[in-house]
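The structure presented is a predicted model; accordingly, all values stated were derived computationally and were not measured. FYI, side chains are in, hydrogens and waters are out, and symmetry mates aren't considered; it's all heavy atoms of this structure.
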Amino acid sequence: MSESTPRISPVLPSDWDAAIHDAVSAFPSGRDFVLARWQTGTAQGMHGLGAMVRHPALAKAFLTFNNHIATASTVSKRIRELLILRIGWLRRSEYEFVQHLILGRRAGLSEAELERVQFGPDAPGWSLEDADLLRAVDELHADACIKDETWARLSARFETAQLLDIIFAVGCYDLLAMVFNTARLDLEPGVDPLEPAVRARMYARSE
């Protein structure tokens with residue numbers, strides 16, 4: 001999260017027009033999640049969605065894709081959140097990472113796992129499957145390709161459709177991290193930022 005002024009100010013629901021309502025309807029559960037929290041004053045996810053709808057046609061196209069990742073993927077919510085958290089961390093996207101700490105807890109990730117994701121696939125405590133999922137994210141981030149050894153192990157556990165959903169989930173949230181970082185989005189009121197030590201580690205680590 002940048003401490004400077006956002007480059008793209010979000011459009012809040014009170015200012016949504018027909019084109020924006022049409023765009024966000026491509027991802028109904030995401031729309032409803034944001035609107036429900038907006039109505040209760042927490043506004044989680046509002047800045048990210050509100051920035052995207054500055055371009056309603058683009059937002060509709062992207063949210064159609066995002067809807068598949070979030071609701072029709074062949075891998076579990078827990079796996080998706082593990083992938084998203086790791087790519088958010090690697091991309092130094094505090095906005096994305098913090099939002100998905102909340103969603104990761106709801107998907108069943110423990111507090112120890114949420115902390116350990118910062119340290120990657122070689123951190124002690126991961127199952128072999130979780131380590132390979134995180135390793136795949138690291139390899140996609142570094143080289144845009146999962147290495148043969150990692151692919152072989154994942155292929156023994158996951159079907160082809162699941163492997164594609166894994167790759168596309170990483171790509172979806174890699175792209176979102178680019179948007180959130182470039183737009184310099186602030187966290188919404190009521191959303192807790194990273195602890196100072198964790199934030200320092202996110203931005204200070206070497207690639």
Side-chain angles (χ1 to χ4, degrees), residues 1-2 10 24 27-38 42-52 59 62-63 65-121 123 125-126 129-131 133-138 140-141 165-195 197-203 205:
M1 180 183 67
S2 173
V24 298
F27 186 1
S29 62
R31 173 202 62 201
D32 295 346
F33 177 86
V34 169
L35 287 178
R37 281 148 186 81
W38 167 258
T42 54
Q44 184 186 340
M46 184 65 257
H47 291 172
L49 185 61
M52 280 191 280
F62 177 78
L63 291 170
F65 170 42
N66 201 179
N67 183 59
H68 171 85
I69 299 300
T71 67
S73 175
T74 57
V75 296
S76 69
K77 288 182 179 180
R78 181 188 178 279
I79 287 175
R80 295 198 304 270
E81 291 304 322
L82 191 64
L83 301 171
I84 293 165
L85 283 162
R86 184 60 182 165
I87 193 62
W89 179 265
L90 291 173
R91 282 298 186 191
R92 296 183 172 93
S93 180
E94 184 174 1
Y95 183 87
E96 180 167 282
F97 190 79
V98 166
Q99 302 287 348
H100 285 273
L101 286 175
I102 299 167
L103 297 176
R105 290 185 185 97
R106 293 177 184 168
L109 290 169
S110 69
E111 292 302 319
E113 289 169 330
L114 293 172
E115 180 177 359
R116 196 187 306 141
V117 76
Q118 304 168 30
F119 302 100
W126 293 120
E129 180 177 294
D130 284 348
L133 289 165
L134 292 168
R135 190 166 290 109
V137 179
D138 286 20
L140 288 167
H141 175 256
D165 272 328
I166 287 166
I167 297 167
F168 275 85
V170 175
C172 178
Y173 284 87
D174 192 6
L175 175 56
L176 280 173
M178 295 179 197
V179 175
F180 299 154
N181 288 353
T182 302
R184 294 180 178 165
L185 297 183
D186 291 323
L187 296 174
E188 293 84 5
V191 176
D192 293 331
L194 292 175
E195 294 179 1
V198 176
R199 192 170 190 267
R201 184 159 59 244
M202 171 182 275
Y203 289 101
R205 64 181 171 74

Worksheet item: What's the spacing between I87 CD1 and L134 CG if we round to 0.5 Å?
Response: 11.0 Å
Discussion item. Please report the interatomic distance CZ(R86) to CG(L140), rounded to the nearest 0.5 Å.
Written reply: 12.0 Å
Worksheet item: Closest approach of H47 and D186, non-hydrogen atoms and distance?
Response: ND1-O, 2.7 Å
Response to the item:
Rounding to 0.5 Å, atoms CG (L35) and CE (M46) come to a distance of 7.5 Å
Item to complete: Kindly confirm or rule out a cation-pi arrangement of R201 over Y203, judged by NZ or CZ under 6.0 Å from the six-membered ring centre and within 45° of its axis?
Response: no
Worksheet item: Which of these, I166, I167, V117, sits in a side chain to side chain contact (heavy atoms under 4.5 Å, CB included) with L83?
Response: I166
Response to the item:
Nearest heavy-atom approach of N67 to P28 is OD1-CD, 3.8 Å
Worksheet item: Taking side chain as C-beta onward, heavy atoms only, is Q44 less than 4.5 Å from Q99?
Response: yes
Worksheet item: Could you give the distance from CZ (R80) to CD1 (I69), rounded to the nearest 0.5 Å?
Response: 8.5 Å
Worksheet entry | Side-chain heavy atoms of V198 within contact of W89, under 4.5 Å | yes
Worksheet, complete the sentence: CZ of R116 to OG of S110, rounded to nearest 0.5 Å, is 6.0 Å
Item to complete: Using a strict cut-off of less than 4.0 Å between a Lys/Arg side-chain nitrogen and an Asp/Glu carboxylate oxygen, indicate whether E81 and R105 qualify as a salt bridge.
Response: no
Worksheet entry | Heavy atoms from other residues, nucleotides or ligands near CZ of F65 exceed 12 (cutoff 6.0 Å) | yes
Discussion item. Please tell me whether Y95 and E188 have a donor and an acceptor in their side chains that are separated by less than 3.5 angstrom.
Written reply: yes
Practice prompt. Determine yes or no for a side-chain-to-main-chain donor-acceptor pair under 3.5 angstrom, with D165 supplying the side chain and S73 the backbone.
Written response: no
Fill in: Heavy-atom side-chain contact between L49 and V24 under 4.5 Å
yes
Worksheet item: Can you tell me how far CG of L101 sits from CD1 of I84, rounded to the nearest 0.5 angstrom?
Response: 11.5 Å
Discussion item. Can you give me the closest heavy-atom contact between F62 and C172, atom names plus distance?
Written reply: CZ-SG, 3.6 Å
Worksheet entry | Stepwise side-chain contact (heavy atoms from CB on, under 4.5 Å) check, E129 with I79 | CA-CA 10 Å; E129 180 177 294; I79 287 175; 4.1 Å; yes
Discussion item. Quick check against the 3.5 Å criterion: does W126 have a side-chain atom that pairs as donor or acceptor with the backbone of G120?
Written reply: yes
Item to complete: Taking the side chain as every heavy atom from C-beta outward, state whether M52 and L63 have any pair of such atoms under 4.5 Å apart.
Response: yes
Item to complete: Indicate the atoms forming the closest heavy-atom contact of E96 with G88, along with that distance.
Response: OE2-CA, 3.4 Å
Worksheet item: Hey, are the side chains of P121 and D138 touching, using non-hydrogen atoms and a 4.5 Å cut-off?
Response: yes
Item to complete: Would you confirm whether R37, through its side chain, and F33, through its main-chain N or O, come within 3.5 Å as a donor-acceptor pair?
Response: yes
Item to complete: Please examine the side chains of R78 and D130, heavy atoms only from C-beta on, and report whether any two atoms are closer than 4.5 Å.
Response: yes
Worksheet item: Quick one: are D174 and M178 in side-chain contact, heavy atoms under 4.5 Å?
Response: yes
Discussion item. Using side-chain heavy atoms (C-beta onward) and a distance below 4.5 Å, is M202 in contact with Q118?
Written reply: no
Worksheet, complete the sentence: Scanning both residues in full, the closest heavy-atom pair of A123 with F119 reads CB-CB, 3.8 Å
Response to the item:
When every non-hydrogen atom of Y173 is compared with those of N66, the smallest separation belongs to OH-ND2, 3.1 Å
